[in-house]
Amino acid sequence: MSIIFSEGSGVANSIFGKSQEPIKALIESGVEAFQEFSAVDKIFSMDTTKNYAEKYTSETSMGDFADVGENGAYPKTSIQEGYSKVVEPTTWKSSFEVTQEMMEDAKIGKIRSRANIFTQSYNRTREKFAAALLAGGTGKTVKFNQKTYSTASADNVALFSKDHPSITKNTGNQSNLFKAAFSAESLDEVQEKMQMFTDDNGNLLNVAPDTIVIPNVGSLKRKVFAAIGSDLDPDSNNNAVNFQVGLWNVIVWPYLPQNLAGGEYFYLLDSKFKDSYECLPWLDRLPLTVRSDIDPNTDANVFKGRARFGAGFNNWRCIALCGAQMSSGTQLGE
């Protein structure tokens, strides 16, 4: 979403008038440049709205095609709406100021620095908020900057749980939370578990995880790239082919905590499924909107930034979490 700028009356003809376009350009370029490195759009399902909130839901699969013989009637199959989730964007604000003294003394570097700091703050807030939601997905809520946000999926259990229910009761509970340290074997197992995810009626969904998400931990990075980067099985002396080579994108996200529940962890994500089924919706209601005004009390030029966005979890089936200390997860390797 493009940044929106506006100026209050009197700004253009003031001492600050000529600085408006350069500051605007700095903020725009800073936001755009950060997007290249952001993990938010690679993990969440990006969406926009003109409403105060949006409802996300899933549906069960249709039944199988039936062999009806020659000139047979079309069978009637039903699709049932699954669990639903409402995501409501909230309002986020910040500001910075340029003083008259900065303009009079031609402190261009300081003005540029404040604009860059403001832009970095906006970008960083979005990343931190997204990472806090994902890392908090082992529970139903998480606190971020003293406010509480939902991390439950549409079925009203934590995003990562071994007890995801079926709305139709046609299949047992399913798990996307697993207990094991990262290894080639645990990668194989979590991948297999995700490939066997079904809808609420027990139909396979062809989930195909293609992305590994990890925190910025050197030892874990080495393990991950060793497991997926060699043409030969790193744990075999028999030159066995490593079938995991070429299957994965790896996102190393520094905003994630370095451990969860006291141990290392990793996520597997199906990037196509998460977008096709709006699994992890990120909802932008209002892009960064910057208004430039002159403070009548200080005569400073104040740049006030405001945005509305929110996120939540709808369909858990696009992602799984595996960690060495996830005591509430399904034990692997047994």
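Residue numbers run from 1 in the order of the sequence given. All values derive from a computational prediction rather than experimental measurement.
- Remark: side-chain polar atoms of Thr171 are not paired, donor with acceptor, to backbone N or O of Lys169 under 3.5 angstrom.
- Applying the salt bridge (charged side-chain N to carboxylate O under 4.0 Å, His left out) test to Lys107 and every residue at least two apart in sequence or in another chain returns nothing.
- Using cut-offs of 30° and 60° on the angle between ring planes, the pair Phe182 and Phe266 is perpendicular.
- Between the Glu54 side chain and the Val87 main chain, no donor and acceptor come within less than 3.5 Å of each other.
- In this structure, Asp41 does not pair ionically with Arg126, as no charged nitrogen and carboxylate oxygen lie closer than 4.0 Å.
- Taking all atoms of both residues into account, the shortest heavy-atom contact from Val68 to Ala73 is CG1-O, 3.5 Å.
- Residues Trp253 and Glu127 have side chains that bring a donor and an acceptor to within less than 3.5 angstrom of each other.
- Remark: the backbone N or O of Trp92 is not paired with any side-chain donor or acceptor of Arg306 at under 3.5 angstrom.
- Residues Asn314 and Ser58 bring no donor and acceptor atom of their side chains to less than 3.5 Å of each other.
- Here the side chains of Ile214 and Lys221 are in contact, with some heavy-atom distance below 4.5 Å.
- Between the Gln258 side chain and the Asn216 main chain, a donor and an acceptor come within less than 3.5 Å of each other.
- Closest heavy-atom contact between Ile15 and Met103: O-CE, 3.4 Å.
- Considering all non-hydrogen atoms of both residues, Leu26 and Ala115 come closest at CD1-CB, 4.1 Å.
- A donor-acceptor contact shorter than 3.5 Å is absent between the side chain of Thr119 and the backbone of Val31.
- Side-chain contact annotation: Ser153 with Asp155, donor-acceptor N/O pair under 3.5 Å present.
- The two atoms that bring Pro75 and Ala66 nearest to each other are CG-CB, 4.0 Å, heavy atoms only.
- Checked against the 6.0 Å centroid criterion, the rings of Phe160 and Tyr267 qualify as a close aromatic pair.
- Remark: of the listed residues Gln100, Glu97, Gln20, Gln20 is the sole one forming a side-chain hydrogen bond (donor to acceptor under 3.5 Å, both in side chains) with Asn301.
- Panel note: side chain Asn201, backbone Asn203; no donor-acceptor pair is recorded below 3.5 Å.
- The backbone N or O of Lys272 sits less than 3.5 Å from a side-chain atom of Ser276, completing a donor-acceptor pair.
- Using bins of under 30°, 30° to 60° and over 60° for the plane-to-plane angle, the ring pair Phe129/Tyr149 lands in the perpendicular bin.
- In this structure a side-chain-to-backbone donor-acceptor pair under 3.5 Å is missing from Glu28 to Ile3.
- The backbone N or O of Thr141 sits less than 3.5 Å from a side-chain atom of Thr151, completing a donor-acceptor pair.
- In terms of modelled atom types and a separation under 3.5 Å, the side chain of Lys93 and the main chain of Lys304 share no donor-acceptor contact.
- Screening Trp316, Phe273, Tyr277 for a ring pair (Phe, Tyr, Trp, His ring centres under 6.0 Å) involving Phe197 leaves a single residue, Trp316.
- Residues Leu269 and Ile251 form no side-chain contact, since every pair of their non-hydrogen atoms from C-beta on lies 4.5 Å or further apart.
- Closest non-hydrogen pair, Glu278 versus Asp47, comes out as OE2-OD2, 4.2 Å.
- Side-chain contact annotation: Ser150 with Lys85, donor-acceptor N/O pair under 3.5 Å present.
- Among residues at least two apart or in separate chains, salt bridge (charged side-chain N to carboxylate O under 4.0 Å, His left out) pairs with a member in residues 194-208 are Asp200-Arg317.
- The 12-atom threshold is exceeded at CD of Gln195, counting heavy atoms of other residues, nucleotides or ligands nearer than 6.0 Å.
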